[in-house]
*Asks:* 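Take a look at this one; I'll ask things after.
Computed from heavy atoms alone, side chains included, the values below leave out hydrogens, waters and symmetry copies.
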Amino acid sequence: MKLPLAFYQREDVVTVARELLGKYLFTCIDGVISGGYIVETEAYNGINDKAAHSYGGRLTPRTKTMFEAGGVAYVYLCYGIHEMFNVVASTEGDPRAVLIRAVHPTEGLEVMLYRRNMLALKPNITAGPGSVAQAFGINRKLNGISLQSDTLWLEDRGLSFAADQIAAVPRVGVAYAKEDALLPYRFFVKGDAYVSKPNKYE
DNA sequence: GGGAAGATAATCT
DNA sequence: GATTATCTTCCCT
């Protein structure tokens, strides 16, 4: 069962980010399905968040996807190498999004290994946002696509985590954002092997 | 096991 | 021309 639009179109993107833990992410690329449940996210909270591309309401060809109504994908290239997959939240004109940082894979392991150019399954296959996008075959052609589509979507399969299994810590790689870099907008499932590296917690 | 550095290109100044 | 929501390899302890 796909997540309804109402799940995404809430103003409180921090809550959306937290609730995305345990939801299943699927892609169907060239008829091949990959899937897994989300174990790590980060919230990017609109025009007042210095770490967000949309800080100050900056509207450019790249960021305009963030200004769309919640429930679409925001995919872009970072550091010249890595594609990053975000879920757009809130409503049209309010640029909030959630970065998917890590997924615990459950389906399509073989094609993930192929896409990642790996020979054997290791936890880092989907640990970190660049790795997740590559393993799932997500690229900029999917920027702006609806999450109700049959190419890229999320499902609720009844999996959830108790409060004491979830950690809320500062985000990664956003030191330039000054005081906003300290906000606890990064969420992950404690102890999951697929959570990305800075995991010195608990 | 851990820190440092290199790769590599769209985007904005 | 500088910057960037990163990953991997390499070399050291």
*Asks:* Side chains of E92(A) and F67(A), heavy atoms from C-beta outward: is any pair under 4.5 Å?
*Replies:*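 No. Closest side-chain heavy atoms not under 4.5 Å.
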*Asks:* Start with the C-alpha distance between E107(A) and R157(A), add both sets of side-chain angles, then the distance that settles salt bridge (charged side-chain N to carboxylate O under 4.0 Å, His left out), and finish with yes or no.
*Replies:* CA-CA 14 Å; E107(A) 291 186 42; R157(A) 294 197 165 183; 3.8 Å; yes
*Asks:* Name the nucleic acid region contacted by R58(A), choosing base, sugar-phosphate or nothing; use a 4.0 angstrom heavy-atom cut-off, strictly under.
*Replies:*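 If one applies the 4.0 Å heavy-atom cut-off, R58(A) turns out to touch the sugar-phosphate alone, with no base involved.
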*Asks:* Could you check whether any side-chain heavy atom of T41(A) comes within less than 4.5 Å of a side-chain heavy atom of I100(A), counting everything from C-beta outward?
*Replies:*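 Yes, close enough: below the 4.5 Å cut-off.
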*Asks:* Can you find a side-chain donor-acceptor pair between S149(A) and S146(A) that sits under 3.5 Å?
*Replies:*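 There is no such pair (donor and acceptor under 3.5 Å, judged by atom type) between the side chains of S149(A) and S146(A).
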*Asks:* Please confirm whether any donor atom in the side chain of H53(A) sits under 3.5 Å from an acceptor in the base of dA5(C), or the reverse.
*Replies:*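 Counting by modelled atom types and ignoring angles, a donor-acceptor contact under 3.5 Å is found here.
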*Asks:* State the dot-bracket string of DNA chain C. Criteria: Watson-Crick or G-U wobble, both atom distances under 3.5 angstrom; notation: ( ) intrastrand, [ ] crossing earlier pairs, | interstrand, . unpaired.
*Replies:* ||||.|||||||.
*Asks:* Students often get this wrong, so: under 4.0 angstrom with heavy atoms, is Y74(A) touching a base, only sugar-phosphate, or nothing?
*Replies:*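 Touches a base.
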*Asks:* If you compare every side-chain N and O of R62(A) against the phosphate oxygens of dA5(C) (OP1, OP2), does one of them come in below 4.0 Å?
*Replies:*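 No, R62(A) has no side-chain N/O under 4.0 Å of OP1/OP2 on dA5(C).
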*Asks:* Using only side-chain N and O atoms of R116(A), determine if any of them is under 4.0 Å from OP1 or OP2 of dT8(C).
*Replies:*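 For R116(A), the contact criterion (side-chain N or O under 4.0 Å from OP1 or OP2 of dT8(C)) is met.
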*Asks:* Looking at Y76(A), I'd like to know whether one of its side-chain N or O atoms comes within less than 4.0 Å of OP1 or OP2 on dT4(C).
*Replies:*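 Y76(A) to dT4(C) OP1/OP2: no side-chain N or O under 4.0 Å.
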*Asks:* Within the 4.5 Å heavy-atom criterion, are E42(A) and F188(A) side-chain neighbours or not?
*Replies:*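 When only atoms from C-beta onward are counted, F188(A) and E42(A) do not touch, as no gap falls below 4.5 Å.
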*Asks:* Can I get a per-line list of side-chain donor-acceptor pairs under 3.5 Å for residues 119-129 of chain A, giving both atom names and the distance, sequence neighbours left out?
*Replies:*
unit_1: T126(A); atom_1: OG1; unit_2: V103(A); atom_2: O; d: 2.5

*Asks:* According to a cutoff of under 5.5 Å between the ring centres and under 30° between the ring planes, does Y79(A) stack with the base of dA7(B)?
*Replies:*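 No, aromatic ring not over the base.
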